[in-house]
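Note that the structure is predicted; figures quoted are calculated from it, not measured.
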Amino acid sequence: MKTNCKKWKCLLFIMAAAAAFTASPVSTEAAGTKESFTALKTGSEQKATSDKMNSEVNIVGNAAVAIGLDRSLMTAGVADILDANISMEKEELIAYAKNGVKAEKKEESTLVMAKVNEFVNMRQEADQDAEKIGVLYKDCGGEIVEQKAEWTKVKSGDVTGWIKNEYLYFGNEAKALAEDVGMLTAYSETETLRVRMDADMQSGVLGLLANGEAVEAIAEEGDWVSVNYEGTKGYVAKEYVKVVFDIDKAESMAVIKAREEAERARAAAAAEAKRVAQKEAVMASASEVDILAALIQCEAGGEPYEGQVAVGAVVMNRVRSGGYPNTITDVIYASGQFVPASKGKMESLILNGNIKASCVQAANEVINGACNVGDALHFRRNNGRDGLVIGNHVFY
């Protein structure tokens, strides 16, 4: 019985340590617990029967409940100590109690991942009609800020907004997807970081990383991190990098708009560069007959032959007029005059050799003086305007 009493003293110390580490606030219940401990200690010192010991186990369980601990956890701990006949130092007892309490307080994951085939909208409020402030794409994720029955407020990158729960993965599903699509990234934390061929300071150098520059990390290998450097496996010293597990983040509407505008500008610049190159190629190699015939086809290729001649005649009237350039090429390429010349369509016909024979014939006729529109300098689709109507055009 003396041995059992000693065990109970150890148990009392465990209970005291557990009380110190629990997150439950001290209250009148805690005071009641202290009284229970005192009563327990007195009883264990004065009573030496098994029945009394069993009674005191119940008191321990009640004390555990009083301080906010799980009764089954604490009574299980009692059985472990008594059955194993162990003797613990104070530090061991504290660790035992502390770990027992913490085991009951596992934090839930705040990770979420998009559950969509393309993207889901992020909104200002938890409402389908609220302003759209960003987009979370497939395989992108974020952290839970707030959660409701049907909506979750998510922070992803620079965007914080509401997403319907049905479009999100939570918990283990989110974690599994993140591990599948995420990437380890190594960020350089020094001015010039050498990427070496092998995990050795004397190894050859594949390249250099500037401060803040990132590469895909493959794995941490002791004092080194293996990385993917321009398609080749290399190594960087672990002490000079920060390794982070990254998943793709949401985009705000402002970022999306700026990117789309930049893409449109690049496309327009590319189209203009192509048009200029085609124009230069045409002007360097094609005759004015070809240039005029291509314009006639673009403007009147589906019109009767008379209409094709009429378009060519307008061009020649301008060449002869003092208000326009005095060559066919310059008249056709004058700014804002003929849409096909400004959009590159005309040059494509010339360079690909796809000009209709009837259009070439009409071009030759008007160059040689044929004219069926009088002194008209303009034409457009017939919309009731006064003028000479030929086919679907009116000339004036």
Side-chain angles (χ1 to χ4, degrees), residues 257-396:
K257 183 178 180 181
R259 187 186 71 250
E260 290 176 346
E261 289 178 350
E263 288 174 353
R264 283 193 292 269
R266 283 195 295 270
E272 177 62 13
K274 180 180 179 181
R275 187 193 70 79
V276 170
Q278 287 181 331
K279 176 182 175 182
E280 291 174 350
V282 165
M283 293 180 71
S285 61
S287 68
E288 288 202 318
V289 173
D290 292 332
I291 293 172
L292 180 56
L295 176 69
I296 291 172
Q297 180 166 328
C298 288
E299 297 284 10
E303 295 293 308
Y305 182 71
E306 183 184 6
Q308 294 175 2
V309 171
V311 168
V314 167
V315 173
M316 295 309 299
N317 283 347
R318 291 189 181 190
V319 171
R320 291 186 285 266
S321 169
Y324 294 90
N326 57 10
T327 69
I328 292 173
T329 299
D330 289 342
V331 164
I332 289 174
Y333 280 107
S335 178
Q337 297 305 306
F338 297 100
V339 172
S342 65
K343 299 300 182 182
K345 182 178 179 181
M346 198 178 72
E347 289 83 358
S348 294
L349 288 175
I350 296 171
L351 295 174
N352 294 326
N354 293 329
I355 305 174
K356 292 181 179 180
S358 62
C359 295
V360 174
Q361 181 181 341
N364 279 312
E365 281 199 30
V366 296
I367 287 173
N368 291 323
C371 181
N372 60 350
V373 293
D375 57 359
L377 297 173
H378 307 276
F379 67 92
R380 62 181 301 167
R381 296 288 298 177
N382 184 14
N383 62 351
R385 181 187 178 94
D386 290 340
L388 175 63
V389 176
I390 301 176
N392 291 308
H393 289 116
V394 57
F395 297 83
Y396 53 96

Donor-acceptor pair, [X] side chain versus [Y] backbone, under 3.5 Å?
{"X": "Lys345", "Y": "Cys298", "answer": "no"}
{"X": "Asp330", "Y": "Asn326", "answer": "no"}
{"X": "Glu306", "Y": "Ile390", "answer": "no"}

Do you know which two heavy atoms are closest between [X] and [Y], and how far apart they sit?
{"X": "Ala300", "Y": "Val311", "value": "CB-CG2, 3.8 Å"}
{"X": "Ile350", "Y": "Ala294", "value": "CG1-CB, 3.6 Å"}
{"X": "Gly301", "Y": "Lys356", "value": "O-NZ, 3.0 Å"}
{"X": "Ala310", "Y": "Val373", "value": "CB-CG1, 3.5 Å"}
{"X": "Asn392", "Y": "Arg381", "value": "CB-NH1, 3.3 Å"}

Let me confirm one number: the [atom1]-[atom2] distance from [X] to [Y], rounded to the nearest 0.5 Å.
{"X": "Ile355", "Y": "Gln297", "atom1": "CD1", "atom2": "CD", "answer": "6.5 Å"}
{"X": "Asp290", "Y": "Met346", "atom1": "CG", "atom2": "CE", "answer": "10.5 Å"}
{"X": "Ile291", "Y": "Glu347", "atom1": "CD1", "atom2": "CD", "answer": "8.5 Å"}
{"X": "Asp375", "Y": "Arg318", "atom1": "CG", "atom2": "CZ", "answer": "13.0 Å"}
{"X": "Glu303", "Y": "Gln308", "atom1": "CD", "atom2": "CD", "answer": "8.0 Å"}
{"X": "Gln337", "Y": "Leu295", "atom1": "CD", "atom2": "CG", "answer": "11.0 Å"}

### Message
Before you tell me yes or no, could you show the steps for Arg385 and Asn382 under side chain to side chain donor-acceptor pair (under 3.5 Å), namely the whole-Å CA-CA distance, both residues' side-chain angles and the distance that decides it to 0.1 Å?
### Response
CA-CA 7 Å; Arg385 181 187 178 94; Asn382 184 14; over 6 Å; no
### Query
Would you call the rings of His393 and Phe379 parallel, tilted or perpendicular if under 30° counts as parallel and over 60° as perpendicular?
perpendicular
### Query
Has Asp386 got more than 12 heavy atoms of other residues, nucleotides or ligands less than 6.0 Å from its CG?
no
Is the shortest side-chain heavy-atom distance between [X] and [Y] below 4.5 Å?
{"X": "Asn317", "Y": "Cys371", "result": "yes"}
{"X": "Phe395", "Y": "His378", "result": "no"}
{"X": "Val394", "Y": "Leu388", "result": "no"}

### Query
What do the steps show when you test Val366 against Val315 for side chain to side chain contact (heavy atoms under 4.5 Å, CB included), and what is the final call?
CA-CA 9 Å; Val366 296; Val315 173; over 6 Å; no
